[in-house]
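What follows is a short report on a single structure.
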Amino acid sequence: METYSTCTDQELVGLLKQGNRYAYTEIFDRYSKVMYSHVYNKLRDDEGARDIVQDIFVVLWEKRLVIENINLLGYLFTMVRNKVLNLVSHHKVVSDYETSIRNYMHSESKMADELIREKQLAAIITAEIEALPPRMREIFELSRYEHLSNKEI
């Protein structure tokens, strides 16, 4: 096994394109801690930062055949930035959705409660109207349900 620690980034990228796993390991060893630190400073989440760093190195390996003359460090930082932005965007969508669901559930329970109270109030009013003396009930019904004026009644 050659020593890869003395290779430049360009040499490592060239070896990576050839599928050299040792070059890939050297790139990982050289930049994973820097990438982790950068992501952790953005997210303040250890596990999330580790996941993103792992993801970018997986993508680097998967895209090794199509990368051309790149600035390796810049390429890695760009991937990190995009992953962090995607994660933050995803968290915002999830948060907005949770808020929406909470608001909907609150309004639904409020509406159900209001409907129950409305039915109870209607039942109380009906019972009170039924309890009125017959002539008073007739006058009330003509006024409220038939919309007659006092003169017409």
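One finds a salt bridge joining Glu138 and Arg135 here, because a Lys/Arg side-chain nitrogen approaches an Asp/Glu carboxylate oxygen to under 4.0 Å. Between Arg30 and Asp9 there is a salt bridge, with a side-chain nitrogen of the basic residue lying less than 4.0 Å from a carboxylate oxygen of the acidic one.
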Next on the checklist: With side-chain contact (heavy atoms from CB on, under 4.5 Å) as the criterion, how do Leu87 and Lys83 come out once you've worked through the C-alpha distance, each side chain's angles and the decisive distance to 0.1 Å?
Outcome noted: CA-CA 6 Å; Leu87 183 67; Lys83 285 276 189 188; over 6 Å; no
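No continuous path of hydrophobic side-chain contacts links Ile116 to Ile125 [ILVMFWY only; heavy atoms under 4.5 Å]. Both Ile70 and Leu15 belong to a common hydrophobic cluster when Ile, Leu, Val, Met, Phe, Trp and Tyr are linked at side-chain heavy-atom distances under 4.5 angstrom. In the hydrophobic clustering of ILVMFWY residues, with side-chain heavy atoms under 4.5 Å counting as a link, Val66 and Leu76 come out apart.
Under the side-chain hydrogen bond (donor to acceptor under 3.5 Å, both in side chains) criterion, Tyr24 pairs with no residue, sequence neighbours left out. Qualifying ring pair (Phe, Tyr, Trp, His ring centres under 6.0 Å) partners for Phe77, counting only residues two or more places apart in sequence or in other chains: His38. Under the ring pair (Phe, Tyr, Trp, His ring centres under 6.0 Å) criterion, Tyr75 pairs with no residue at all, not counting sequence neighbours.
Between the CG atom of Asp55 and the CG atom of Asn86 there is a distance of 11.0 Å, given to the nearest 0.5 Å. Of the inter-residue distances, the one linking Leu72 atom CG with Gln10 atom CD reads 8.0 Å to the nearest 0.5 angstrom. Interatomic distance, OG1 of Thr3 versus OH of Tyr22, reported as 13.0 Å (0.5 Å rounding). Taken to the nearest 0.5 Å, the CD atom of Glu130 stands 9.0 Å off from the CG atom of Leu132. Atom CD in Glu98 sits 9.5 Å away from atom CG in Asp96 (nearest 0.5 Å).
In this structure, the side chains of Leu73 and Asn71 come closer than 4.5 Å at one or more pairs of heavy atoms. Two residues are said to be in side-chain contact when any heavy atoms from C-beta on lie closer than 4.5 Å; Ile67 and Leu16 meet this criterion. With a 4.5 Å cut-off on side-chain heavy atoms, Ser89 and Lys92 do not count as touching. Residues Leu43 and Ile52 form a side-chain contact, since some pair of their non-hydrogen atoms from C-beta on lies under 4.5 Å apart. By the 4.5 Å heavy-atom criterion applied to side chains, Asp29 and Tyr4 are not counted as neighbours. By the 4.5 Å heavy-atom criterion applied to side chains, Met35 and Ile56 are counted as neighbours. Taking the side chain as every heavy atom from C-beta outward, Glu146 and Glu152 never approach each other to under 4.5 Å. Counting heavy atoms from C-beta outward, Arg50 and Tyr40 have side chains that stay 4.5 Å or more apart.
The closest donor-acceptor contact from the side chain of Ser95 to the backbone of His91 lies at 3.5 Å or more, if one exists at all. Under the 3.5 Å distance criterion, the side-chain polar atoms of Thr126 are matched with a main-chain donor or acceptor of Ala122. The main-chain N or O of Gly74 is found under 3.5 Å from a side-chain atom of Thr78 such that the two form a donor-acceptor pair.
When every heavy atom of Thr6 is checked against every heavy atom of Glu11, the shortest pair comes out as O-OE1, 4.4 Å. Considering every non-hydrogen atom in both Glu141 and Ile129, the closest pair reads OE2-CG2, 4.2 Å. The two atoms that bring Glu26 and Leu12 nearest to each other are CG-CD1, 3.8 Å, heavy atoms only. Pairing each heavy atom of Arg64 with each of Lys17, the nearest pair is O-CG, 3.1 Å.
Ring-plane geometry between Phe28 and Phe57 is classed as perpendicular, the angle between the planes exceeding 60 degrees on a 0 to 90 degree scale with a lower cut at 30.
More than 12 non-hydrogen atoms from other residues, nucleotides or ligands lie less than 6.0 angstrom from CG of Asn41.
Of the candidates Val53, Val84, Leu60, Leu60 is the only one forming a side chain to side chain contact (heavy atoms under 4.5 Å, CB included) with Met79.
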